[in-house]
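Any value given below was found using the heavy atoms of this structure, including those in side chains, with hydrogens, waters and symmetry copies removed. Lettering of chains follows the sequences in order, A, B, ..., and the numbering in each one begins at 1. All of these numbers come straight from a predicted model, not from anything done at the bench.
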Amino acid sequence: MDLQFFNTLSRRIETFEPSEPSSKKVGLYCCGPTVYDFAHIGNFRTFLFVDMVRRFLEFKGFEVNHVMNITDVDDKIIHGFNASPEKTSLRDYTAPYEKAFFEDFDQLNCLRPTSIPRATDYIPQMLELIGKLMENGIAYQTPDGSIFFSIQRYIALGGKYGQLVKINFDEIRVGERIKSDEYEKENVADFVLWKARVPSDGELFWPSPWGEGRPGWHIECSAMSRHILGKSFDIHLGGEDLAFPHHEDEIAQSEGSTLCKEGGCKPTPFVRYWLHFSHLLVEGKKMSKSLGNFYTVRDLFQKGYSGREVRYLLLSAHYRESFNFTLEGLNGARTALARLDECLFKLRELAGTAEPPGKQSALVQSFDDALSDDFNLSAGWAALFDWVRQTNKQIAEEKLSPADAAGLLADWARVDSVLAVCPQKKEEEEVPTEITDLLEARQAARKAKDFARSDAIRDELKSKGWVIEDTPKGPRLKRI
RNA sequence: GGCGGGGUAGCCAAGUGGCUAAGGCGGAGCUCUGCAAAAGCUUUAUUCACCGGUUCGAAUCCGGUCCUCGCCUCCA
């Protein structure tokens with residue numbers, strides 16, 4: 001089954017075809033973190049979905065050029081930097097947040113993007129793009145020195161504004177929802193490409209043909225994506241809130257630069273498919289610090305939850321539906337994954353060193369079908385858990401040969417190349433001799449039918465963090 | 001005010017015209033066990049916010065009502 005998903009551009013589900021079908025190469029861009037604070041679980045819902053999309057494209061045999069930018073200059077960063085006691089360099093200020101972001105990123109088992117450009121490394125490319133827009137007469141300078149994008153002139157030259165969101169300019173309530181801007185732009189919806197230097201910026205500014213200043217927010221993504229992926233690429237993803245104005249403005253800047261000032265040129269389409277991810281609710285409410293339902297990923301790690309548990313939960317629902325994140329749900333994730341682990345453990349035990357037969361089970365097919373249908377992860381998980389139940393049954397009935405088990409494990413590996421919830425590294429820690437001694441003592445007590453003593457030892461082990469399961473093959477220790 | 005999502009079991013969540021309304025958590029029952037288990041199996045919505053309508057047939061389509069969330073401002 002071909003991959004199909006909802007394209008915000010057409011507002012309908014489309015079959016995905018890369019621009020170069022023969023090469024199977026896919027260019028993918030996602031707006032990355034703004035490094036001024038630790039990323040919260042809402043941010044990571046998006047990054048997790050991006051990772052899932054990338055992994056599934058690879059599962060489908062595509063070769064993905066995955067670009068994720070780092071926004072390391074914006075209002076919040078500038079304010080934070082100027083308020084910080086040691087103003088060494090902007091990079092020194094953002095580096096710890098960037099580092100923390102990737103620690104979280106790795107914990108959640110996200111694959112590193114192919115390229116991770118930083119905004120401040122692409123100022124020349126941004127200036128070049130702004131220059132092109134100035135040349136086309138689409139951008140203009142205000143008396144304070146800032147450069148704005150003129151939506152009116154962009155449209156006059158043949159550009160399309162409002163590709164992602166239907167905009168009715170007459171209905172935008174000026175002053176009520178849109179703050180009257182400190183800059184003197186010609187039109188309400190015009191947006192800034194270059195912000196002229198102001199005293200509060202301190203020492204943070206870059207030179208430009210139009211005076212000292214710093215880039216507007218939207219221009220970085222246009223400049224970086226164009227530089228790395230080209231004027232036109234396949235998929236752009238991000239949170240739903242970014243559709244307007246950020247993504248819309250990216251389109252305007254990028255396509256505007258491909259117009260010609262005399263008019264009559266057709267714009268080169270910026271992106272062929274847009275994917276937007278819905279937001280998260282936490283305990284039924286919008287996440288906010290004042291409500292006390294605001295979690296960074298590290299908060300959850302500190303509460304003892306693992307990356308794979310967070311990953312499972314955040315990836316358990318459909319990407320276009322808002323998802324209600326709860327701690328109760330996270331506990332549920334733990335139980336569900338433990339059941340999966342149990343099944344895999346038994347399969348590994350059974351498979352030993354046997355070779356898989358090489359034929360694919362129904363699991364991979366139904367998983368593929370589920371995700372191919374607009375990334376229906378819920379259906380994907382359902383397929384997986386159906387498989388777990390069936391597998392458990394077959395194990396219990398001793399119907400599986402080692403080769404069968406190896407085959408099932410191979411199918412699982414295929415599915416997990418997308419889900420990525422397999423325990424990272426080898427989490428199987430060494431069992432301390434103290435614990436194995438206790439286990440042996442308990443076995444001796446059981447053999448002597450001294451059950452009071454054996455149960456006491458079991459309780460002691462539990463208090464030390466180990467639980468015993470008596471299986472037909474003997475006792476098994478599990479870490480709590 | 002404009003635009004766009006939702007309302008499915010105790011909770012989370014698929015399904016968008018027709019087999020028994022997925023799956024996960026929780027609960028219940030059972031099995032293995034000396035007893036247990038964070039082990040396994042089974043079970044758990046005559047019903048899909050409400051009211052009308054279309055249809056042989058609707059959770060799914062149409063009209064209305066109520067509730068809820070998001071975007072239009074920095075925002076995943």
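B:A21 is unpaired under the criterion used here, namely a Watson-Crick or G-U wobble arrangement in which both key atom distances are under 3.5 Å. B:A9 is unpaired under the Watson-Crick or G-U wobble criterion, no partner having all donor-acceptor distances under 3.5 Å. The pairing partner recorded for B:U55 is none, the criterion being a Watson-Crick or G-U wobble arrangement whose two distances lie under 3.5 angstrom. Searching all strands for a Watson-Crick or G-U wobble partner of B:A45 with both distances below 3.5 Å returns nothing. Under the Watson-Crick or G-U wobble criterion, with both distances below 3.5 Å, B:U16 has no partner in any strand shown. In this structure, B:U31 forms a base pair with B:A39, meeting either the Watson-Crick or the G-U wobble geometry with both donor-acceptor distances under 3.5 Å. Checking B:C50 for Watson-Crick or G-U wobble geometry (two distances, each under 3.5 Å) identifies B:G64 as its partner. If you check B:G70 for Watson-Crick or wobble pairing at under 3.5 angstrom, you find it paired to B:C3.
Whole-Å rounding puts the A:Trp274 CH2 to B:G4 P distance at 20 Å. In this structure, A:Tyr312 atom OH and B:A13 atom P are separated by 12 Å, rounded to whole Å. Rounded to an integer number of Å, the gap from A:His40 NE2 to B:C74 P is 16 Å. Taking atom CG of A:Leu327 as the reference point, atom C1' of B:C25 lies 14 Å away to the nearest angstrom. One can place NE2 of A:His247 at 19 Å from P of B:G4, the figure rounded to the nearest angstrom. Rounded to whole Å, atom C1' of B:C3 lies 13 Å from atom CD of A:Glu240. Counting to the nearest Å, the P atom of B:G24 and the CG atom of A:Leu314 are 19 Å from each other. Atom pair A:His318:NE2 and B:A13:C1' shows a separation of 12 Å (rounding to whole Å applied).
Backbone-only engagement by A:Asp386 is indicated by non-hydrogen atom pairs under 4.0 Å involving sugar-phosphate atoms exclusively. Heavy atoms of A:Lys346 sit under 4.0 angstrom from primed sugar atoms or phosphate atoms, though from no base atom. Using a 4.0 Å heavy-atom cutoff across all strands shown, A:Gly42 reaches at least one base atom of the nucleic acid. Counting any heavy atom pair closer than 4.0 Å across all strands shown, A:Phe323 reaches sugar-phosphate atoms only and no base atom. No contact: A:Leu377 has no heavy atom under 4.0 Å from any strand. In this structure, A:Glu469 reaches the bases: a heavy-atom distance under 4.0 Å links it to at least one base atom across the strands shown. A:Ala396 comes within 4.0 angstrom of no nucleic acid atom, judged by non-hydrogen atoms across all strands. Among the atoms of the strands shown, none is found under 4.0 Å from any heavy atom of A:Ile41.
Applying the 4.0 Å criterion to OP1 and OP2 of B:C71, one finds that A:Lys286 has a side-chain N or O inside that range. Close to B:C12, at under 4.0 Å from its OP1 or OP2, lies a side-chain N or O of A:Asn324. Within the structure, every side-chain polar atom (N or O) of A:Ser454 is placed at least 4.0 Å from both OP1 and OP2 of B:C35.
Remark: ring of A:Phe385 does not overlap the six-membered base ring of B:G23 in a stacked fashion, as centroids less than 5.5 Å apart with planes less than 30° apart are not both met. Remark: ring of A:His279 stacked against base of B:A76; centroid gap under 5.5 Å, plane tilt under 30°.
Of all nucleotides listed (B:A22, B:C11, B:A76), B:C11 comes nearest to the side chain of A:Glu328. The listed nucleotides are B:A76, B:C41, B:A13; the one nearest the side chain of A:Arg339 is B:C41. Nearest nucleotide to the side chain of A:Lys478, out of B:A38, B:C71, B:G23: B:A38. Looking at the side chain of A:Asp455, the nearest of the listed nucleotides B:C35, B:U42, B:G70 is B:C35. Distances from the side chain of A:Arg446 to the nucleotides B:G34, B:G24, B:A39 place B:G34 closest. Considering only the side chain of A:Phe244, B:C71 comes nearest among B:A13, B:C25, B:C71. Out of B:A39, B:G23, B:C41, the shortest distance to the side chain of A:Lys393 is found at B:C41. Across B:G26, B:G40, B:G23, the shortest atom-to-atom separation from the side chain of A:Arg389 is found for B:G23. With B:A22, B:A76, B:G24 as the choices, the nucleotide that has an atom nearest any side-chain atom of A:Asn43 turns out to be B:A76. Of the candidates B:G24, B:A14, B:G40, the closest approach to any side-chain atom of A:Ala336 belongs to B:G24.
For the 3.5 Å distance criterion, the side chains of A:Ser372 and A:Lys60 qualify, holding a donor opposite an acceptor.
Comparing the P positions of B:G2 and B:C61 gives an interatomic distance of 24 Å, to the nearest angstrom. Comparing the P positions of B:C51 and B:A39 gives a spacing of 42 Å, expressed to the nearest Å. Between B:C3 and B:G18, the distance separating the two P atoms is 31 Å to the nearest Å.
Here A:Arg311 pairs with A:Asp51 in a salt bridge; the nearest charged N to carboxylate O distance falls below 4.0 Å. Using a 4.0 Å cut-off between charged side-chain N and carboxylate O, A:Glu460 and A:Arg442 make no salt bridge. Ion pairing between a basic and an acidic side chain is recognised when a charged N comes within 4.0 Å of a carboxylate O; A:Glu103 and A:Arg298 show such pairing. A salt bridge links A:Arg458 with A:Asp455: the closest approach of a Lys/Arg side-chain nitrogen to an acidic carboxylate oxygen falls below 4.0 angstrom.
The base of B:C35 is paired with the side chain of A:Arg458 by a donor and an acceptor separated by under 3.5 Å. One can find a donor-acceptor pair under 3.5 Å joining the base of B:C35 and the side-chain atoms of A:Asp470.
Two residues, A:Ala333 and A:Ala452, neighbour RNA chain B, and the one matched to the more 5' nucleotide by heavy-atom proximity is A:Ala333. Projected onto RNA chain B by closest heavy-atom contact, A:Lys76 and A:Trp381 fall at different nucleotides, the more 5' of which corresponds to A:Trp381.
The backbone N or O of A:Thr94 sits nowhere less than 3.5 Å from a side-chain atom of A:Tyr36 that would complete a donor-acceptor pair.
By the 4.5 Å heavy-atom criterion applied to side chains, A:Ile219 and A:Phe149 are not counted as neighbours.
Ring geometry for A:His236 versus A:Tyr29: interplanar angle of 30 to 60°, hence tilted.
Taking the ring axis of A:Phe6 as reference, the NZ or CZ atom of A:Arg320 stays within 45° of it and closer than 6.0 Å to the ring centre.
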